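Per chain, numbering begins at 1; letters A, B, ... match sequence-line order. Just so it is clear, the structure is predicted and the values come from calculations on it, not from any experiment.
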2 protein chains.
Amino acid sequence: MYTMSQAFRLKQSIEDAVIAGEFLPGDRLDEASLAERFGVSRTPIREALLQLGAEGFIDVRPRRGAIVSVPTPTRLFEMFETMAEIESACGRLAARRLTPDNDAAMETAHRACEIAAREGDSEQYYADNRNFHEAIYRASRNSFLADQAFALHKRLSAYRRIQLRARNRLLQSLQEHAGILEAIRAGDDQLAATRLHDHVLVQGERFSDMVLGLAGDRRSDAAASKSGTAK
Amino acid sequence: MYTMSQAFRLKQSIEDAVIAGEFLPGDRLDEASLAERFGVSRTPIREALLQLGAEGFIDVRPRRGAIVSVPTPTRLFEMFETMAEIESACGRLAARRLTPDNDAAMETAHRACEIAAREGDSEQYYADNRNFHEAIYRASRNSFLADQAFALHKRLSAYRRIQLRARNRLLQSLQEHAGILEAIRAGDDQLAATRLHDHVLVQGERFSDMVLGLAGDRRSDAAASKSGTAK
DNA sequence: CATATGTTAATTGTATGCAATATTAGAAAT
DNA sequence: ATTTCTAATATTGCATACAATTAACATATG
C-alpha cells in the first residue's frame, strides 16, 4: 500500500522530529527550509504543518509561521492534570473490563520496563513506559478514549523525557506501575484511577516545579516565553 | 482586525455548517463545489478541510476526498463515554475549586435552561445547555481540560441535538443539571463527578440505542455505514 | 545613543496548472 | 439480466507563480 499522500508522511516525519527533540519548543518551522530538507514543494509541507497545528502539536500563527509550542508552566501543569484525568479514566474502565489479552499485554510491557529500570537505561525505559501506558489505554476497551489518551501522551513526550532522566525516578515509576497493575487486576476501579492519577500528576508537578525553579507555586509564569530558541 | 486568513475563516464556516446540520454525516465535501460556494480557490478549502480532519470533525481519506464523519454506533458510544469521563473530571475539579465568578456563570446558564425547558423550546434549550456545560468546563479552572471538553462537545453536537427533541427529556435534563450544581456547590467532588457522568452517558446510551433500534446491545454495528447520503 | 521611520528582503497566503489516482459509465460476454 | 473488463470522466495531490503581509535593516532625527 503505497497510496499514502506525501503530506501525511511529512506530518508524521515532522511530528517524529519534534517528539525526538530534534526541534525544540520555540523553534521556528519555516516552510521553505522544510520543503528543501524533504525535497518537496511548500504545499505538502504547509498541509502537514496545518494539520499538526490543528492537533495542538505546534503553533501556527496566521502570517507569522509555525513554531513548536511553548506552553507556559501553568499550561503545562494543566496538560499533565488533564493527562492524569484521562489516564485515570482508562484505568477505571480497564479495572472493570479487563480481558486476558489486555492483561497479558500490560504484563509484557511491565516486564520490559522492569528490565530497563534495573539496568538504569532511561532511554529504553522511556520507550517501554510508553508501551505500558498504551497497554492501559487499550485495556479501557474504549478505542476513542485510547486514541485521545495516546495523542495527549505524544504531545507531552518532550517533557516527560526530561523527567525520566533521574535514576531513582525510574525505580519509583516502576513501583507505581506495579501498584497500578495490581489495582486493575483486582478490579478495584477506584484505586486504579487514583493510582494512575497520582502517577501521572507527580510527573507534571515535578516538571513544572523544575521549570519554575521554585516549588509549590504554579501561578507565576512570566518567564515562560524565554525558553528554547532555534540554533 | 482583518488579518485573519481565508483558510481559517473557511474552517470555521464549514465547521459551523456541519454543526448546524447543513452537512449531514456521510455527506461528501468536495473541494471544487466548496471553492465555488465560498468564491475562493481550492487551496484554502483544502487547508480548512485538512485541519478539520486533524481535529476529527470530518474524515479525509487520501485520494478519496472528505466526508462528514459517520461513526459506528459503537464508536459513538465510545465518544459519549469519553465525554462523560472528561465532564466528570471537570465537575470533580470544579467542586474543589469553585470561585464566586464561576458559580455565578453556572447559575446564569442554569436559569436560562430553566426558562427554555418550561417553555418546551428544545432549540433554545440546546443552546442554553451548551452554555451550562461550558460554564462547568471553565469552573474546572483548567483551561486546557476545558478546551478539550468543548472540542469534544462540539463534535457530538449533531447527535445531542437529536436526543434533546423529546420534551420530557428536557425537564429530566434540567433536573439533572440542578443536581450537578448542588454537588459542585457542596464541594462534593465525588458526587459531582458521578452525576455528571450519568447525565452525559444517558444521552449516549439513549442515542446509540436509538441508532441500533434495539436496547442493551452495543456490539452489533453492521448497519453503521448506511446513514446519511448527500442530497 | 536611543528611537522612529521608510525601504528592502524574506515569508506566508492564495490561485492556477498539471499529473496521478479513483470513480463512473459503457460495452462485451456469460 | 447480471457481471466483468475497459475506457472516459472527475477529483485529488503536488508544484509553481504571484500577491499580500510581516520582519529586518539602514537611515534619519531627537
* **Working for salt bridge (charged side-chain N to carboxylate O under 4.0 Å, His left out), residues B/Arg37 and B/Asp30** => CA-CA 11 Å; B/Arg37 165 171 172 168; B/Asp30 79 295; over 6 Å; no

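Shown here for B/Leu196 and B/Gly91, the closest heavy-atom pair between the two residues is CD1-CA, 3.5 Å.
With a 6.0 Å radius and a threshold of 12 heavy atoms from other residues, nucleotides or ligands, B/Phe8 has its CZ atom at or below the threshold. Within a 6.0 Å sphere centred on CD of A/Glu107, heavy atoms belonging to other residues, nucleotides or ligands number more than 12.
The base of D/dT22 lies outside donor-acceptor range of the side chain of A/Arg63, with no N or O pair under 3.5 Å. In terms of polar N and O atoms assigned as donor or acceptor, the side chain of A/Arg64 never comes within less than 3.5 Å of the base of D/dT22 in a complementary pairing.
If you check C/dT12, D/dA15, C/dA15 against the side chain of A/Thr43, the one that comes closest is D/dA15. Between C/dA15, C/dT12, D/dC14, one nucleotide has an atom nearer to the side chain of A/Ser5 than all others, and that is D/dC14. Side-chain atoms of B/Asp30 lie closest to D/dT12 of the nucleotides C/dT14, D/dT12, C/dT11. Distances from the side chain of B/Arg28 to the nucleotides D/dC14, D/dT11, C/dA15 place D/dT11 closest.
In this structure, B/Ile45 atom CD1 and D/dT12 atom C1' are separated by 14 Å, rounded to whole Å. Per the geometry, CD belonging to B/Glu47 stands 13 Å off C1' belonging to D/dC14, to the nearest Å. The distance from atom CG of A/Asp59 to atom P of C/dT12 is 15 Å, rounded to the nearest whole Å. Nucleotide D/dT11 holds its C1' atom 13 Å from the CG atom of B/Leu49, rounded to whole Å. Atom-to-atom, CD of B/Gln6 to P of C/dA15 comes out at 5 Å; the value is rounded to the nearest Å. At whole-Å resolution of the value, CZ in A/Arg61 and C1' in D/dT22 are 11 Å apart. In this entry the distance linking CG of A/Leu29 with C1' of C/dT12 reads 14 Å, nearest Å. One can place CG of B/Leu10 at 9 Å from P of C/dA15, the figure rounded to the nearest angstrom.
B/His153 and B/His133 have tilted rings, their planes meeting at an angle from 30° to 60° on a 0 to 90° scale.
For C/dT12, neither phosphate oxygen OP1 nor OP2 lies less than 4.0 angstrom from any side-chain nitrogen or oxygen of A/Arg46.
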